[in-house]
Amino acid sequence: MPRPAAVRPALARTAPFLSALAATALLLTACGTERADAGNTGAGTAEPSSPTQVADPGKDGVRVTSLTFPSASPSPTRSSSVTADGLAGDSGVVAAYEVVNKSAETLTYSVVFTFMSADGRTMANQTATVRGVGPGKTVRGTVRAGKPPGDAPRVTRAKVLEVAKVPSIEAPAAPGTCPASGIRVSADQGDAAMGLRVVGLHLENCGTRDYGVDGHPLLELLDDDLKHVDGVRIQDGGGEITPGSGDDKQPGPVTLGPGESATASLVWHNTTGFGTPVNVPYVRVRAKAGADPVIVTPNLDLGTTGKLGVTAWQKDER
């Protein structure tokens, strides 16, 4: 799942499980073995050719099984190239994939697929979210490469780049849905500058009653196996991480009416000195004590600092 990448001065920012990549979301619910296609990222495409099988070893039970090229394209073994001309803004290349859950619990996957040219250059990255894959179940779907740069070589292959997976019961709510708790918790793609990292946590009241929080979100840091990470001090506020920050406001009670939202921030430095660098792919977040947990994927590259700051919830301006 992606990493913080753009400069933003504020610690708390209003801004969605996984990276600052151009993403096409694919929402699936597993019930046995299903297949569903991702939406077209362009307004129209050429007629597809027959699928070409792909030898992708995959990652974590996810692999690309075939590629379908538009019939307007020459054979992918030829050296000529195809641009977006005549394809209405879409390369027309479609990757079919499958997700196999070999665990004992129902999982939600966030998968980044990379589409490449014959010489190995990345032409596009697309993200699919596959929800509710039951134990031992397989879900199949497709994702489009999308619009390439105007003078880019044509796409000839694809593979799975990143996979994040969490128990579906703790996954962020699907867009347009509201959990029984009446609140949605999510993380954005974050900002990075000169080793400083900031990821926003977002709390939205999607229910019908007021929802109150007071102070900081409660965090648990998790490794790739969703086990607790030791040796990192979580401190209230970002002042020790970024001294003098005017955006590190004092905690206080926040009441969110239906449709209102609040933001907190995770703040850290990716500084590496003596010792073993610590990477934390997952964070379990509770909006407050007793709240239902949600696992987000901020990919904290904490270096050897051993510290993570979290700012207090602040109500978003309307």
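Computed from heavy atoms alone, side chains included, the values below leave out hydrogens, waters and symmetry copies.
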Testing the basics here: between [X] and [Y], what is the closest heavy-atom pair and its distance to 0.1 Å?
X: Val185; Y: Val285; result: CG1-CG1, 4.0 Å
X: Pro258; Y: Gly207; result: CB-O, 3.3 Å
X: Ala145; Y: Val155; result: CB-CG2, 4.5 Å
X: Thr156; Y: Leu67; result: O-CD1, 3.6 Å
X: Asn101; Y: Val133; result: ND2-O, 2.7 Å

Check whether any side-chain heavy atom of [X] lies under 4.5 Å from a side-chain heavy atom of [Y], and answer yes or no.
X: Thr108; Y: Val130; answer: no
X: Pro167; Y: Leu226; answer: yes
X: Thr276; Y: Val278; answer: no
X: Val280; Y: Leu222; answer: no

Go through the structure and list residues passing side chain to side chain contact (heavy atoms under 4.5 Å, CB included) with [X], not counting sequence neighbours.
X: Thr255; value: Asp210
X: Glu260; value: Leu256, Lys315, Arg318
X: Asp224; value: Pro281
X: Pro135; value: Thr106

[X]: salt bridge (charged side-chain N to carboxylate O under 4.0 Å, His left out) partners, not counting sequence neighbours:
X: Asp225; answer: none
X: Arg233; answer: Glu240
X: Arg157; answer: none
X: Glu204; answer: Arg184

Going from [atom1] on [X] to [atom2] on [Y], what distance comes out if it is rounded to the nearest 0.5 angstrom?
X: Arg154; Y: Phe115; atom1: CZ; atom2: CZ; value: 15.0 Å
X: Ser181; Y: Asp292; atom1: OG; atom2: CG; value: 5.0 Å
X: Ile241; Y: Trp268; atom1: CD1; atom2: CH2; value: 10.5 Å
X: Leu302; Y: Leu221; atom1: CG; atom2: CG; value: 7.0 Å
X: Gln235; Y: Thr311; atom1: CD; atom2: OG1; value: 12.0 Å
X: Thr263; Y: His202; atom1: OG1; atom2: NE2; value: 5.0 Å

What I want to check is whether the side chains of Asp214 and Trp313 have a donor and an acceptor closer together than 3.5 Å. no
Return each pair, listed once, that meets salt bridge (Lys or Arg N to Asp or Glu O under 4.0 Å) where at least one residue sits in residues 56-70; pairs must be two or more places apart or across chains. Arg63-Glu98
Which residue pairs satisfy the salt bridge (Lys or Arg N to Asp or Glu O under 4.0 Å) criterion with at least one member in residues 274-287, sequence neighbours excluded? Glu170-Arg284, Glu220-Arg284
Could you tell me which residues satisfy ring pair (Phe, Tyr, Trp, His ring centres under 6.0 Å) with Phe113, sequence neighbours excluded, listed by chain and number? Tyr97
I need the single residue from Asp223, Val229, Thr297 that forms a side chain to side chain contact (heavy atoms under 4.5 Å, CB included) with Tyr282. Which is it? Thr297
Can you tell me if NZ on Lys307 sees more than 12 non-hydrogen neighbours from other groups inside 6.0 Å? yes
Using the side chain to side chain donor-acceptor pair (under 3.5 Å) criterion, which residues pair with Asn205? Sequence neighbours excluded. none
For side-chain contact (heavy atoms from CB on, under 4.5 Å), just list the numbers for Thr68 and Thr52, CA-CA rounded to whole Å, side-chain angles, deciding distance to a tenth of an Å, and then say yes or no. CA-CA 6 Å; Thr68 301; Thr52 299; over 6 Å; no
Do the side chains of Val100 and Val111 join up, straight or via other hydrophobic residues, at under 4.5 Å, putting them in one cluster?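 As far as the 4.5 Å side-chain criterion goes, Val111 and Val100 are not connected within one cluster.
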